[in-house]
Amino acid sequence: MGNNEFVSTPQTPVNKVIDGADPDSKALVPMTPVNVDALAVVPVNPKPKRNELSQRRTRRPFSVAEVEALVAAVEELGTGRWRDVKLGAFENADHRTYVDLKDKWKTLVHTASIAPQQRRGEPVPQELLDRVLSAHSYWSMHQSKQHGKHPVEPIKPVDRPDEIVRA
DNA sequence: ATTAGGG
DNA sequence: CCCTAAT
């Protein structure tokens with residue numbers, strides 16, 4: 001959808017310019033010539049920004065099940081296609097936007113890097129945190145070059161993250 | 001509309 | 001979670 005919506009006002013057939021330089025002008029203040037057409041089209045809906053009035057979304061801690069889905073999705077799609085991760089694993093989770101998923105991955109990588117004692121909320125299974133770090137390092141190297149128009153790539157086995165190295 | 005990172 | 005510069 002286009003975010004640039006405009007509204008056009010009826011064109012002025014005769015007076016295209018309102019000139020204040022009129023000798024017979026009774027204007028108290030000199031008026032600079034102004035082109036009416038320039039004001040004919042004014043942008044409406046500048047940008048539905050979020051002012052300090054709008055309330056921010058209520059917090060919604062990710063469940064372990066959600067983390068599992070997120071990790072699985074990133075393991076095969078990488079960390080540069082949150083749109084696809086959203087569509088592929090959170091299709092019907094209206095409160096989870098692809099930005100939310102991207103943010104969650106960021107916190108997960110951090111969580112996996114700190115001591116269990118400083119983590120908060122329902123503990124995330126170490127097994128998942130291991131996969132997070134594994135996928136994180138994996139996709140750090142295989143920086144997918146161009147984001148060509150892929151129809152949600154058919155998962156290439158060779159591109160999947162390696163299992164945790166534990167001899 | 002998405003991506004990518006800092007706030 | 002939010003904000004937003006770049007794409």
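The chains referred to below are lettered A, B, ... by the order of the sequence lines, with proteins before strands, and numbering in each begins at 1.
- Checking side-chain atoms of Thr111(A) against main-chain N and O of Thr107(A) turns up a donor-acceptor pair under 3.5 Å.
- The existence of a salt bridge linking Arg81(A) and Glu76(A) is excluded, since no basic side-chain nitrogen approaches an acidic carboxylate oxygen closer than 4.0 Å.
- Between His142(A) and Trp139(A), the two ring planes are perpendicular [angle over 60°; tilted spans 30° to 60°].
- Distance Lys86(A) NZ to dT2(B) P: 11 Å, rounded to the nearest Å.
- Near DNA chain C, meaning a heavy atom under 4.0 Å from it, residues 103-119 of chain A has Asp103(A) in order of number.
- Distance Leu87(A) CG to dA1(B) P: 13 Å, rounded to the nearest Å.
- Remark: P of dT2(B) and CG of Leu77(A) are 15 Å apart, rounded to the nearest angstrom.
- Side-chain proximity of Val99(A) to dA1(B), dC2(C), dC1(C): nearest is dC2(C).
- Here the C1' atom of nucleotide dA5(C) and the NZ atom of Lys102(A) are 13 Å apart, to the nearest Å.
- Using a 4.0 Å heavy-atom cutoff across all strands shown, Thr58(A) reaches sugar-phosphate atoms only and no base atom.
- Atom P of nucleotide dC1(C) and atom CZ of Arg57(A) are separated by 6 Å, given to the nearest angstrom.
- To the nearest angstrom, P of dA4(B) lies 13 Å from CH2 of Trp139(A).
- Atom-to-atom, CG of Leu101(A) to C1' of dG5(B) comes out at 16 Å; the value is rounded to the nearest Å.
- When each of Arg56(A) and Trp82(A) is assigned the nucleotide of DNA chain B with its nearest heavy atom, Trp82(A) is the one assigned upstream, toward the 5' end.
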Practice problem: Determine, stepwise, if the pair Thr97(A) / Phe90(A) fulfils side chain to side chain contact (heavy atoms under 4.5 Å, CB included). | Solution: CA-CA 8 Å; Thr97(A) 71; Phe90(A) 294 76; over 6 Å; no

Quiz item: side chain to side chain contact (heavy atoms under 4.5 Å, CB included) between Asp103(A) and Trp82(A): does it pass, once the steps are laid out?
Solution: CA-CA 10 Å; Asp103(A) 288 338; Trp82(A) 303 107; over 6 Å; no

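- For the pair Val74(A)/His136(A), no side-chain contact is recorded, criterion being any heavy-atom separation below 4.5 Å from C-beta on.
- Other residues, nucleotides and ligands contribute at most 12 non-hydrogen atoms within 6.0 Å of the CD atom of Gln55(A).
- We find that CG of Asp84(A) is positioned 12 Å from P of dA4(B), with the value rounded to whole Å.
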